[in-house]
Amino acid sequence: MKTTKSIIPIAVPSLSGNEKKYVNQALSSTWISSQGEYINKFETLFAKFIQSRYAVSTSNGTSALHLALSALGIGKGDEVIVPDLTFIATINAVTYCGGKPVLADVDKFSLCISPSEIEKLITKKTKAIIPVHLYGNPADMEKILRIAAYNKLFVIEDAAEAHGARVKLDNIWKKVGSLGNLGCFSFFGNKIITTGEGGMVTTDDKKLAEKMKILRDHGQDPDKHYFHPYVGFNYRMTNLQAAIGLAQLERIDALLRFKMNLSSLYKRFLKDIPGITFPELNYEADPVCWLFTMLVDKPFKLNRKELIDKLKKKGVDSRPFFVPLHEQPNYVSKRDFNNAEYLSLHGLNLPSGYNLKENDIKYICGIISQ
Ligand SMILES: *Cc1c(COP(=O)(O)O)cnc(C)c1O
């Protein structure tokens, strides 16, 4: 059998900065659980990066979402509007709280939740909206924030895939995660920066930040040991995770530039292929590249599955878009979600790891254009 070139994976982290040094320092200090110098340093630098007042680290991105919703008091009977096209964790967090997720279709071009769809779904029971900045593309936050303010709804941004992406509001560029009441991030191994597993919630609200710190620590009263006024969780980040996170965050601008360059190379090599298109934002926003994203449709000569198989045969991994939430066994809905359905059938993510060289991108695009 002919041996194929070694697999080019969809994502590979970059750990070539101070990651090892800081982890070794954390080990030497013996503070390897959820106390130690790196937790505070990572949270402080992350808040500064996002330009939010507070940042509360968590064990992962899913616990960040659950913590955020819990701190807002989302509970039984509360409706929370989420986009139909996102990773399952967004909607599961609502379910953990006993809330009722309400699915909204997405915009066909931005891939993100559609503001006009949100408006149609608001009822007396609606408490919050969770816009997701999908694959690094900021949602239309100006419109979403206006709808939320008018209807007195909380906004929890799911920024798990969009560290550093920006939106222009009132003529000022702001980072996603600093726009709603709370912003949630993930540092899973394939995300823009990683701590292995890890998450963060950002906010300008001191009370919410304090409440989240209590809730992530078993609901324990910070002034009284083993006294627990809330049913909390163990959602703390460890000092080891934070050591990696700090080293990652020190280099995030370079990492974001690397991904942007990767994205422009892909676009340059793919732009003239009929049937290959890219997401577009018709509002002022500055996306980041998490996983390079394209759509495959006629007149391209292969359908998406055939393209995935062709790439795989040549050693290139790729990912179809998320399966829409309304098709997930626990969230079945018979309403129409035409855009989410279309995107889910035609969207494809290409390798976007920090190991890639220009020649790798040429190789991948060569397979697509052949
Ligand atoms: C990755 C991701 C999460 C969950 O993060 P974990 O750290 O894997 O728990 C939530 N929402 C979105 C949109 C994600 O991509």
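Counting starts at 1 for both ligands and their atoms, following the listed order. Heavy-atom basis, side chains included; hydrogens, waters and symmetry copies ignored.
- Just one of Trp31, Phe46, Tyr22 meets the ring-ring contact (aromatic ring centres under 6.0 Å, His included) condition when paired with Tyr38; it is Tyr22.
- Here's the thing with Asp158: one of its N/O atoms is less than 3.5 angstrom from an N/O atom of ligand 1.
- The nearest protein atom to atom 14 (C) of ligand 1, hydrogens excluded, is given as Lys191 NZ, 3.2 Å; this is a heavy-atom distance.
- Judged purely by distance below 3.5 Å, without hydrogens or angles, the side chains of Ser34 and Arg216 never pair a donor atom with an acceptor atom.
- Heavy-atom contacts of Asn60 reach the following atoms of ligand 1: 7 (O), 9 (O) (cutoff under 4.0 Å).
- Taking the ring centre of Tyr283 as origin, the terminal cationic atom of Lys143 falls outside the region bounded by 6.0 Å and 45° from the ring axis.
- Polar contact with ligand 1: absent for Phe87 (N/O pair, distance under 3.5 Å).
- Taking every non-hydrogen atom of Thr86 and a distance limit under 4.0 Å, the qualifying atoms of ligand 1 come out as 13 (C).
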Exercise for review: Could you walk me through whether Glu37 and Ser29 pass side-chain hydrogen bond (donor to acceptor under 3.5 Å, both in side chains), step by step?
Suggested key: CA-CA 9 Å; Glu37 59 169 328; Ser29 77; 6.0 Å; no
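- When the options Leu240, Ile32, Asn18 are evaluated for a side chain to side chain contact (heavy atoms under 4.5 Å, CB included) with Val23, the one that passes is Leu240.
- Between Ser186 and ligand 1, at least one N/O pair is under 3.5 Å apart.
- Heavy-atom contacts of Ala89 reach the following atoms of ligand 1: 4 (C), 10 (C) (cutoff under 4.0 Å).
- If you number the atoms of ligand 1 from 1 as listed, the ones under 4.0 Å from a heavy atom of Val132 come out as 13 (C).
- Contact check on Glu210 versus Lys207 returns no salt bridge, with no Lys/Arg side-chain nitrogen under 4.0 Å from an Asp/Glu carboxylate oxygen.
- Looking at Leu134 against ligand 1, nothing comes within 4.0 Å, counting heavy atoms.
- Checked by atom type, the side-chain pair Glu197/Gln241 shows no donor-acceptor distance below 3.5 Å.
- The nearest protein atom to atom 4 (C) of ligand 1, hydrogens excluded, is given as Thr62 OG1, 3.6 Å; this is a heavy-atom distance.
- Atoms of ligand 1 found under 4.0 Å from any heavy atom of Thr90 (numbered from 1 in listed order, with element): 11 (N).
- Contact check on Glu306 versus Lys310 returns no salt bridge, with no Lys/Arg side-chain nitrogen under 4.0 Å from an Asp/Glu carboxylate oxygen.
- In terms of protein heavy-atom proximity, atom 15 (O) of ligand 1 is nearest to Glu161 OE2, 2.5 Å.
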